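Notes to accompany the following structure.
Scope of the values below: all heavy atoms of this structure, side chains included, with no hydrogens, waters or symmetry mates. Being a predicted model, the structure only gives us computed values, none of them experimental.
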Amino acid sequence: MSAVDANFMSCRRTVHLLSKSVQCNGSNEQSWKGGTMDDGLHLVHLSDTHLTAGGRLLPAGIDPWAKLALALSAAGEYSPDAVLITGDIADRGDAIHADAAKILAEAQFRLGCPIITIPGNHDPSGSIDARFNTTRISTGPHPANTVHEINGLRVIGLDSAGFQQAQGELDAAQLQWLRQLLTGPAPQGTLVLLHHPPLESFSPVLAGRGLRNAQELNSVITGSDVRAVLCGHYHQLGASQLAGTPIFMAPSTAFNMNPLSPTQIVEQPDAWFSALKITADAVLSVPVSSSYAHSPSAAAQAYLSLRPS
């Protein structure tokens, strides 16, 4: 059993907002590195990793495990305060979640920050369970409904997935849970994570694949401290608004679709994600390629060593 398995996978963690430390069973404390709202919080937004079982490659010969390793390794150069992953951890429901949880625990250890994960429509119900989101401070009506606080910034994970359903939906229990959470503002506001964007895709071929009840979500977050909604699903970088609330869609780490030819996979050797900077006045998001990293990292090989054989 690795140090990660022993020290991370089996321990109870409590996030301390001011010291940004994690305490495991009352033993050694590891301090989260990162900033304050004075210089901005730095977040990494990954999505749609589409990890496969049995060594299966994705279309165009893409190895999704290698792409995730590249993204996590490059994320280390950003020194994030948290990494947010907005669904489709698996591809087509493959049973990879135990191995994915180990890799994300390794990343949490190496990056020194929380890894916050929600499911997508390729993830079976209940697969994003207690093995994930180990820095949560509370949970909601579904296993993947979690609440985290990062230096006063609240992050709420929702489950819009509906396994094998292209269109997403937030059920009444989640909406009521979210409404109750938002009755009290967080010191630095709130980010909401869900897989399905609450808006239509730029590409007509993806019409009808967003969040079915976007207006119900809007009625809950309007007038609250929600500063942005972060999503994935479309395999395209994008930004929009839901009645004034910013919506940021991250590219897929595995593969992305050409917006000028929406059924064409963009073949690229690197992995893409979004980097966010959150200040008291703004939420900024920019695309990042793993090729932007200044130097190859041993971390990528460490992550790959944990992939299933």
Quiz item: Where do Asp159 and Gln174 land on the side chain to side chain donor-acceptor pair (under 3.5 Å) test, with the steps shown first?
Solution: CA-CA 8 Å; Asp159 183 352; Gln174 286 187 86; 5.4 Å; no
Exercise. Could you walk me through whether Val205 and Met257 pass side-chain contact (heavy atoms from CB on, under 4.5 Å), step by step?
Key: CA-CA 11 Å; Val205 296; Met257 309 306 295; over 6 Å; no
Quiz item: Leu230 and Val155: side-chain contact (heavy atoms from CB on, under 4.5 Å), yes or no, with the steps?
Solution: CA-CA 10 Å; Leu230 274 54; Val155 179; over 6 Å; no
Quiz item: Should His233 and Leu206 be marked as a side-chain contact (heavy atoms from CB on, under 4.5 Å) after you check the CA-CA gap, both sets of side-chain angles, and the distance that decides it?
Solution: CA-CA 10 Å; His233 188 50; Leu206 298 177; over 6 Å; no
Practice problem: Go through the steps to decide whether Ile221 and Leu178 satisfy the test side-chain contact (heavy atoms from CB on, under 4.5 Å), and finish with yes or no. | Solution: CA-CA 8 Å; Ile221 65 176; Leu178 179 62; 4.2 Å; yes
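Hydrophobic clustering of Ile, Leu, Val, Met, Phe, Trp and Tyr side chains at less than 4.5 Å, counting indirect connections, unites Leu158 with Ile137. Phe202 and Val229 are members of different hydrophobic clusters when ILVMFWY side chains are connected at heavy-atom separations under 4.5 Å. The same ILVMFWY cluster, assembled from side-chain heavy atoms under 4.5 Å apart, contains both Leu193 and Val283. Hydrophobic cluster membership differs between Leu70 and Leu58, with clusters built from Ile, Leu, Val, Met, Phe, Trp and Tyr side chains linked at under 4.5 angstrom. Leu242 and Leu237 fall into different hydrophobic clusters, where Ile, Leu, Val, Met, Phe, Trp and Tyr residues are linked whenever their side-chain heavy atoms come under 4.5 Å apart, directly or through other members.
Between the side chain of Glu200 and the backbone N or O of Gly208, at least one donor-acceptor pair lies under 3.5 Å. With hydrogens and angles ignored, the 3.5 Å screen pairs a side-chain donor or acceptor of Gln108 with a backbone N or O of Ile115. Using a distance-only test at 3.5 Å, with no hydrogens or angles considered, a donor-acceptor pair links the side chain of Arg154 to the main chain of Leu181. Side-chain N or O atoms of Asp88 include one that pairs as donor or acceptor with a backbone N or O of Asn121 at under 3.5 Å. Side-chain atoms of Glu106 do not come within 3.5 Å of backbone N or O of Leu306 as any donor-acceptor pair. Remark: the backbone N or O of Asp94 is not paired with any side-chain donor or acceptor of His122 at under 3.5 angstrom. Side-chain N or O atoms of Asp81 include one that pairs as donor or acceptor with a backbone N or O of His42 at under 3.5 Å. For the pair His50 (side chain) and Ala254 (backbone), a donor-acceptor distance under 3.5 Å is absent. A distance-only check finds a donor-acceptor pair linking the side chain of Thr279 to the backbone of Asp281 [under 3.5 Å]. Of the possible polar contacts, none joining the Asp99 side chain to the Arg307 backbone as a donor-acceptor pair under 3.5 Å is found.
Take Ser47 and apply the side chain to side chain donor-acceptor pair (under 3.5 Å) test, not counting sequence neighbours, and it matches Thr86.
Contacts classified as side chain to side chain donor-acceptor pair (under 3.5 Å) and involving residues 175-186 (residues at least two apart or in different chains) are given here: Gln176-Arg179.
The CG atom of Leu68 sits 7.0 Å away from atom CD1 of Ile85, with the distance rounded to the nearest 0.5 Å. Rounding to the nearest 0.5 Å places CG of Leu43 at 11.0 Å from OG of Ser274. To the nearest 0.5 Å, atoms CZ (Phe248) and CG (Leu284) are separated by 7.5 Å. We find the CD-CG distance between Gln167 and Leu211 to be 8.0 Å, quoted to the nearest 0.5 Å. How far CG of Leu46 is from CD1 of Ile116: 12.0 Å, rounded to the nearest 0.5 Å. The NE2 atom of His142 lies 9.0 Å from the CG atom of Leu170; values are rounded to the nearest 0.5 Å.
Pairing each heavy atom of Leu182 with each of Ser224, the nearest pair is CD1-OG, 3.8 Å. In plain terms, the two heavy atoms of Tyr234 and Met249 that are nearest each other are CD1-SD, 3.7 Å. For Tyr303 against Ser73, the heavy-atom pair with the smallest separation is CE1-N, 3.8 Å. Summarising the geometry of His196 relative to Ala161, their closest heavy-atom pair is CE1-O, 3.3 Å, with the distance given to 0.1 Å.
Looking only at side-chain heavy atoms (C-beta outward), Ile247 and Pro198 come within less than 4.5 Å of each other. Contact annotation: the side chain of Leu84 never approaches that of Leu276 to less than 4.5 Å [non-hydrogen atoms, C-beta and beyond]. Counting heavy atoms from C-beta outward, Pro119 and Phe163 have side chains that stay 4.5 Å or more apart. Considering only heavy atoms from C-beta on, Val83 comes within 4.5 Å of Cys113 through its side chain.
Using the six-membered ring where Trp is involved, His235 and Phe255 have ring planes that are tilted, between 30° and 60° apart.
Of the charged side-chain nitrogens involved, at least one lies within less than 4.0 Å of a carboxylate oxygen, so that Arg131 and Asp129 count as a salt-bridged pair.
For the residue pair Asp270 / Ser290, no side-chain donor-acceptor distance below 3.5 Å is found, with atom types taken as modelled. Using modelled atom types, one finds no donor on one side chain facing an acceptor on the other under 3.5 Å when comparing Asp123 with His195. A donor atom on one side chain and an acceptor atom on the other are not found under 3.5 Å apart for Asn151 and Gln188.
Under the side chain to side chain contact (heavy atoms under 4.5 Å, CB included) rule, Ile103 has a single partner from Leu51, Ile96, Thr49, Leu72, which is Leu72.
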